[in-house]
Every structure is written in structure tokens, then in C-alpha cells.
**Student:** 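Sending over a structure as C-alpha cells; questions will come in a sec.
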Number of protein chains: 4
Amino acid sequence: MKAKDGDDQDARTFTQQARRAQIVQAAIETVAEVGYPNTSFSKIAQRAGLSSTGMISYHFARKPELFAEVVNTILRAAGDITATRMRTAATYRAKLRAYIESNFEFIARHPAYTQALVEIVTGIRFRDTTSLGGLEKAVVSVDGLTDFLSEGRAAGEFGRFDSFTMAVSIRGAIDNFLRQHMFDGDLDIARHGREVADIFDLCTRPGAGASN
Amino acid sequence: MKAKDGDDQDARTFTQQARRAQIVQAAIETVAEVGYPNTSFSKIAQRAGLSSTGMISYHFARKPELFAEVVNTILRAAGDITATRMRTAATYRAKLRAYIESNFEFIARHPAYTQALVEIVTGIRFRDTTSLGGLEKAVVSVDGLTDFLSEGRAAGEFGRFDSFTMAVSIRGAIDNFLRQHMFDGDLDIARHGREVADIFDLCTRPGAGASN
Amino acid sequence: MKAKDGDDQDARTFTQQARRAQIVQAAIETVAEVGYPNTSFSKIAQRAGLSSTGMISYHFARKPELFAEVVNTILRAAGDITATRMRTAATYRAKLRAYIESNFEFIARHPAYTQALVEIVTGIRFRDTTSLGGLEKAVVSVDGLTDFLSEGRAAGEFGRFDSFTMAVSIRGAIDNFLRQHMFDGDLDIARHGREVADIFDLCTRPGAGASN
Amino acid sequence: MKAKDGDDQDARTFTQQARRAQIVQAAIETVAEVGYPNTSFSKIAQRAGLSSTGMISYHFARKPELFAEVVNTILRAAGDITATRMRTAATYRAKLRAYIESNFEFIARHPAYTQALVEIVTGIRFRDTTSLGGLEKAVVSVDGLTDFLSEGRAAGEFGRFDSFTMAVSIRGAIDNFLRQHMFDGDLDIARHGREVADIFDLCTRPGAGASN
DNA sequence: CATGAATGAGAATTCATTCAT
DNA sequence: TATGAATGAATTCTCATTCAT
């Protein structure tokens, strides 16, 4: 939610944004299908029905710019679902459950997005200079979740634990389900979402503390 | 043109394995340094001190075969540490803690292996026909951990939870620390290992139910 | 689709010529800055403040047509200075000095034109079918200078020499100073102009002849 | 078949250099035919009978490296002729004549080299960072000629003139004949060589001053 | 076994030009 | 006229793989 978005929107025409969206969509699907390392402009162009890769270069100055938008698009979609569900929850404990379960909901509703994200997040070299320009940091970041847990602990709703460690664990548990889901599409995602929420509900209970 | 079968066979096998190990080692380091998508045969050959990429093709029929061995090597190294530490633990609860902490120990001791694994695991397309041939399944698999948790529950040491869900969560928490570590090398790995062990020690306690 | 021929013709011609001049000017500056091989329509359009390269294609049927006008423009500018200076000189000898020195004056006053010309003259393939259509001949031509020298010799002001050879030498000396100037901008152009004029004043003296 | 390291080194170098020479030769011919800006790897490869441009990249790390060798090759060939002819001349005046005439001899004997050099010299952007790496300086340089003229003047064989200015003029006269020759192949090169030598023999005479 | 030359496909990107609006 | 989207060929360069020696 950057103010810079507004400028971007002004600068680009409607047609341009439509094309960009189309390309981004094709890129997501391609990554989801063949994997990030195997995703080339020509495959994306083919899927998008473009006549040449030049069309992609026309709309995106460079490869990282395209994938930055891809990641942005995915994160925005995921963030929308999560934020909405969390807002309607009253307590921190309920919000945590909403966070976890809505992430699983996103997996179920946007499998291609999910797959693409997993591919890109770790497929892109983290310290790569030609990379997403800080965006990969946003992807891996658990800052928001960490802060949320800290707030909840300050409010007395959670037990004793290190917020960062817990945040990494929660996020990792969710992401690992993405991967499992990529293998075994038969997983009951909603059920597993509830179970994971149960697990972390359990170990964040007030009174329960890291006893060592 | 083989001259003598007996001796030659052994000698060749030995030499071959030495070369293969050398190449695999160079591949791991290369992947850890420049990332999987940027890893090429020529970079590996260069690091291995080979004069030609043909040498790699000679020892590994195809690119996936090399990376299969790479992943195998890493998993074996990780498994060695984990298995040893678990064996010395008496109870299931202690074994679980040993499993988690020894995984963090592996991260600390073999950072290159760790990075390479993370890169490859998701960098390689899972359903790719030209892929690792089932090996990627081994990488993502939590079967062993799931079985272990089920046994522990049967033995009455753990509480009520779905073994698979818990296994995925544990494994995911660990793996996410790998990723975080790739960003922020200053993490106190041993401490976080203990904390993660604390977290899952807490929510696997007997008496604690997932039914909240 | 022309509506009214008379007025429209004039109006269009004027506007067109203004645009063409603008584009030509931008092309000259671009060539001078980045070199002929690196000069693209988009760079020219950008410098000219045009929103699209289509604008260039609209005004110039093909790339060579644009560069033909570029060269024409430069030669005209150079010719203006040279012709004016020569006209005010009384004798052939003075005119020759005026020719040489005014060429250096042009270098000093229009460095971009100078650079662009050097770039284009030899950058463009002479026998190229997609080329300037005879214009490159004009650039390299020393016909005018040759004729001038012949006239001067007929008038008895010059010594014995082959007019064409001398013309090529004089022109070459001047052009080579352009190149040197592109490397070393610190050259005292006016001084070198005088010195070159001295040199050729010396060897065109009447009485002095090729004695071998 | 390794005999001694030295031999191997030489053998390998020899093979490589043979290919490199072949590619350089094809590059020279291509530049001479279609011009520097129109010279692409694929055209060179085609002329050299290579199956792909990859072969060129295999032998030359980058495009500028190839053209550096091209220029080097040409300059070496020209330098060989010139140096030999100058050595056999006794006086500075005779050496100057030898220099000029041998340059024309080179034009006659290696027309493709000549054309290619003219193309590259000015076709390449002088201040281009991706350029020949200082080699273009060598091409344009008149340092050697300047020094030679200074020595000759110190020895009392030449008259009063600025050595640098004279060097630039001589070199420019020669180079301009290259260009003229590219247009009109019917020029009598040897004759023009003698005439140019006459011209500069005249204006470098001792006693003759630049002070007109 | 090892080398390194060779191959051809494929990568991203830029280009001049066309065309509908 | 002017715009900007679209096209498709061309660019340099990298890649995994093959093969003769």
C-alpha cells in the first residue's frame, strides 16, 4: 500500500495495465506449471497469446520488473484475504487463527498463485543483485506476524515465547503445507488449516511458557 | 575398450566415485554461492578444477542426475547427524527435541549444504519430467517424522494431534529458519533451535489436546 | 486523405519540415553522444521529446532517409561557413587558407555536427544498398576542392602538383584533426587550423614543384 | 597424448589460435564487405563456415575482444610492411617517403584490411566503455610519427613545423586515400603514394619555414 | 579417462517498422 | 498528424551435451 502506486496508475494507460496484468497472469501460470528456472519469456508469451517476447520487454523494462509485479500481485491477493479475515476477528487469539486459516484458504482458492510464489521465493537468488529489488525480503519477512504476536503477548492473550521464533515457525508450517500440497493435491486443506491453527493455538496459550 | 575386467572395474569405480564426489561437492558450493538458476556446468567445472564441462557429462548422464546426487549427499549428511543424536536420546520427547536441535546444528555446521538444499528443493520443478526422478519426494517427505510421532503417541508420550500435520509443521518451522538464516546470517542458530524445540515440546505434551 | 490541396499543402509542408528539422537535430546530437552504431530511433525520439518512434518513421520513410538529411544538414552548415569565408578572400591562396581555417572554425563552433559527421561518414557502409543513395559520395567527395585547386593553378597562383592528390591530402588532414579532437578536446583548434593552412600554403607555392 | 606440458600448451594454443585467426579473418572480410555496424556474429560465423555464433563466443569472451584482435591483426600487418621499408631507408627524409609509400603499398596489397580498418576506426564509438579498451587510441595515434618527425628535425633534415600537426596531416592524407579508394577502386595507388610523398617531402624541406 | 572443440538450441533484449485509433 | 501498441527479426551471449582424439 504505497503512495507510489497512485503515480504508477496515472502514468500507465488502461490498455497498458490490462496487458501487464495479462502478462503477469501468464507468468504466474507458467511458473506454477514449469517452475521458475524453466520459465522463459517465450513460454510466457506463448501462454499469453503474444506474438513475440518483444511484447513483454515492451511492457516490462527488465525481467526482474516482471517478476516483481508477479510477486506483488500474489502477495496482494494473499494479503487481501488474510487482512479481511483478521479484521473480523475480535481477539488476538482469534486473529491468529484467522491468519493461519485464511492462508490455507488462499492455498485452496489460488493454487497457481501459491505454487508460483513458492517457486519464486526460493528460486530467486536471495542476495542476487539482479533480483527483485528488495521484494524477496518482503516475501520472506515475518516482521508483521512477529509484531502481531508481540502485541498479543503485551495484551496478555498469549503465553511466554519469543515472538520472532514463533512467527517463523507459524509461517514455516504454512509454507510447508504449500509444498506438500504441490505434491499431494488431495489434501483437505481446510481441515489441515484448522489443525495447524489448533497446534499454534495450543503453544501460544497464556500460562504455557517455554519452560527451559 | 576394457583390458582387464576385474581390477580395472574396481579401480575405475573408485576413481569414478572420487570424481563424482568432487563434482558433487563443487556443485553444492556453486549452488550455495550463486543460486540454483545461475548454476551452470561451466561454473561447477571451474570450481572443481576440471578443464572441461565434458567431464561432468561424462560422469553424470544428465543434469538431473547430478542434482539427484547433490540432494542425496546433503540429505545423507543431515540424516547422519540427526540419526546419531536421536539414537542417544532415551524418550520420544527427548528424541523429538534431538531431531529439531540437530537439524539446527546441521545448519550451523554445513551452511553451504543448507543453502544449496533450500535452493534446489524449490528451485527444481517437482512434477518436471526431466527432474530428479522421485528424489524431490524424498526431500519434501515427512513420512519418517510422521511415523515417529505416531509411535510416540502410541507410547503415550505425546498428546492428541494429527501426526502428519504436526510433522509438516515441525519440518516447515525448521526449513523456514534456513531461509531466514540465508537472509540474516547473524541469527543465533543454537538458541533458535532450542526455542523451536520448546515450542513443539509444548504443543505435543500429553494431556494437551488439539481440540482446544 | 487530402482535403484542400493548396493551403493544406503549405501548412503541412511547414509543419512537416519543422518536425523533420527537430528530428534531424536530435539525431545529430544523439549520434554525437552515443555514436552511430548505438543510435536508435527510440533514443532519437526520446531526445526530440517525441512520444513514439512511429513519429520518425512517419516523417522519414526509412532509416537511411533520416541520415541522408542529417548529413545534408551538416554539410550545408559546414558549406555555409566555408563558402562565406572563401568569398571574402581575394586570391586563390587566400581562399585556400580560408577554406582550411574555416573548416577548423566549424569544428570549434559545431562540435556535435563534427562528431556526428565523422561517425556517420564511415559508419555507414558505402556500397550498402540500404544506404544514403549517393549522399555518402558527396561527403567523401573532394571534387569541389580539386576544381578549385586546378583553377588556382591555371591562374598561376599555385605550383606544380596533382590537384586531386592535393585535395585528398588537404581534406584528409582536416578530417584527421576532427578525429584527434574527438579524443583530445584540449586541442587549440584555431592554432592547428593556422598550422595546417601553413603546411599546405607551403607545398602549393608557385615555383615549388614535385621534383622527382 | 600428453608428452610434455610445454608442448601441450603450445599445441593447444596453436589450435586455438588457428581458429581465432580464422574467425578474425572472417571478421575482417565481413567488416570490409558490409561495414562495421552491419557486422554481426552470425555473418562472421557464416563466412567462417562455423555452425553457430556460439563458436565465436567460445573463442572470444566478448565482442570487443574479437574486434581488438581484428584491429591488432591489421595494425601488425601494416606495421610490418612500414617498419621494414623504413629500416632500409638511410635518411630521415627517405624514411618519411618510405613510411608514406609503404602505407599505400599496404592499401594495394591488403584492400580488405584497409577497408576494415577504416570502418572500425571511426565506426567504433571512441569514448565507448564497451569498446576496444584503449586499442582505438592506438589506431588513431600519431605519436610514433610525431616522434619520428621531431627526431628528423633535431637531426636537421626537416624544416620548421609543428611535428604533431604535420603528423596528423600526413596520417590524414593517407587515411583519406583509403576512403577514396573504397569508392573508386581504379585509383593508381602506387602513383598516388608517390605524389603524397612528394607533397610532404616538399613541405618538410629544411629551410622551408611554417611562417610563410 | 580426460580434454577441449564443436554444436545448436535458447536466453533476454533491442530494433525499425507498421497500423489502428 | 500524432500516438502507442504490436510485430518479428536480429542482436550478443550462455547453455548442456556430444564427440574425436
Side-chain angles (χ1 to χ4, degrees), chain A residues 12-13 15-16 18-19 37-45 50-64 66 130, chain B residues 1-2 8 11-12 15-16 18-19 37-45 50-64 66 130, chain C residues 1 8 11-12 15-16 18-19 37-45 50-66 130, chain D residues 1-2 8 11-13 15-16 18-20 37-45 49-64 66 130:
Chain A
R12 293 201 179 89
T13 68
T15 315
Q16 268 188 347
R19 261 273 179 270
N38 299 326
T39 296
S40 65
F41 274 19
S42 59
K43 282 185 189 132
I44 296 172
L50 304 175
S51 62
S52 89
T53 64
M55 195 73 269
I56 300 176
S57 292
Y58 178 75
H59 284 283
F60 296 90
R62 233 141 278 274
K63 208 187 176 190
L66 167 58
T130 68
Chain B
M1 308 229 173
K2 309 171 185 178
D8 240 37
R12 187 164 59 242
T15 312
Q16 269 189 357
R19 265 269 180 271
N38 299 327
T39 296
S40 66
F41 274 21
S42 60
K43 281 182 190 139
I44 296 173
L50 302 175
S51 55
S52 160
T53 63
M55 197 73 271
I56 300 176
S57 291
Y58 177 78
H59 284 284
F60 297 90
R62 232 138 281 270
K63 208 186 174 191
L66 165 58
T130 68
Chain C
M1 306 216 177
D8 239 37
R12 186 164 61 242
T15 312
Q16 270 187 354
R19 265 269 181 271
N38 299 327
T39 295
S40 66
F41 274 21
S42 60
K43 281 181 190 140
I44 296 173
L50 303 176
S51 54
S52 159
T53 63
M55 197 72 269
I56 300 176
S57 291
Y58 177 79
H59 284 284
F60 297 90
R62 232 137 281 273
K63 207 186 174 190
E65 194 189 308
L66 165 59
T130 69
Chain D
M1 304 185 186
K2 305 178 184 177
D8 229 43
R12 189 164 60 240
T13 298
T15 311
Q16 270 188 349
R19 260 272 179 271
R20 285 172 69 98
N38 300 325
T39 296
S40 66
F41 274 19
S42 59
K43 283 185 189 130
I44 296 173
L50 304 175
S51 61
S52 88
T53 65
M55 195 72 269
I56 299 176
S57 293
Y58 178 76
H59 285 283
F60 297 90
R62 234 141 277 273
K63 208 189 177 189
L66 166 58
T130 68

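Order of the sequence lines fixes the chain letters, A, B, ..., with proteins taken first and strands second; residue numbering starts at 1 for each chain.
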**Student:** Taking atom P of E:dA9 as reference, at what distance in whole Å does atom CG of A:Asn38 sit?
**Tutor:**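 Taking atom P of E:dA9 as the reference, CG of A:Asn38 is at 19 Å.
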**Student:** With both distances under 3.5 angstrom, what nucleotide forms a Watson-Crick or G-U wobble pair with E:dA16?
**Tutor:** F:dT7
**Student:** Between B:Gly54 and B:Ser52, which heavy-atom pair has the shortest distance, and what is it?
**Tutor:** N-OG, 2.8 Å
**Student:** State the OG-CZ distance between C:Ser57 and C:Arg62, to the nearest 0.5 angstrom.
**Tutor:** 8.0 Å
**Student:** Walk along nucleotides 4-10 of chain F from 5' to 3' and tag each nucleotide B, S or - by protein heavy-atom contact under 4.0 Å, base first, then sugar-phosphate.
**Tutor:** BBBSB--
**Student:** So, for B:Phe41 and B:Lys63, which heavy atoms are closest and what is the spacing to 0.1 Å?
**Tutor:**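 Shortest heavy-atom contact: CE1-CG, 3.5 Å.
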**Student:** Distance check: side-chain N/O of C:Arg62 vs OP1/OP2 of E:dC15, anything under 4.0 Å?
**Tutor:**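 Answer no for this pair, as no side-chain N or O of C:Arg62 is under 4.0 Å from OP1 or OP2.
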**Student:** Going from CZ on B:Arg19 to CD1 on B:Ile56, what distance comes out if it is rounded to the nearest 0.5 angstrom?
**Tutor:**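 The CZ atom of B:Arg19 sits 10.5 Å away from the CD1 atom of B:Ile56.
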**Student:** Would you mind reading off the distance between B:Phe41 atom CZ and E:dG4 atom P, rounded to a whole angstrom?
**Tutor:**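 Rounded to the whole Å, the gap is 18 Å.
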**Student:** For C:Lys43 and A:Thr39, find the nucleotide of DNA chain E closest to each by heavy atoms; which residue's nucleotide sits nearer the 5' end?
**Tutor:**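 Per heavy-atom nearest nucleotide, the more 5' residue is A:Thr39.
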**Student:** Measure the CZ-CD1 distance between C:Phe60 and C:Ile44 for me, rounded to the nearest 0.5 Å.
**Tutor:**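 Reported to 0.5 Å precision, the distance equals 9.0 Å.
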**Student:** Using whole Å, report how far CD1 of D:Ile44 lies from P of F:dC13.
**Tutor:** 11 Å
**Student:** Mind listing the closest non-hydrogen atom pair of C:Lys43 and C:Asn38 along with its distance?
**Tutor:** NZ-O, 2.8 Å
**Student:** How close or far is atom C1' of E:dT13 from atom CD1 of A:Ile56, stated in whole angstroms?
**Tutor:**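 Whole-Å distance recorded here is 11 Å.
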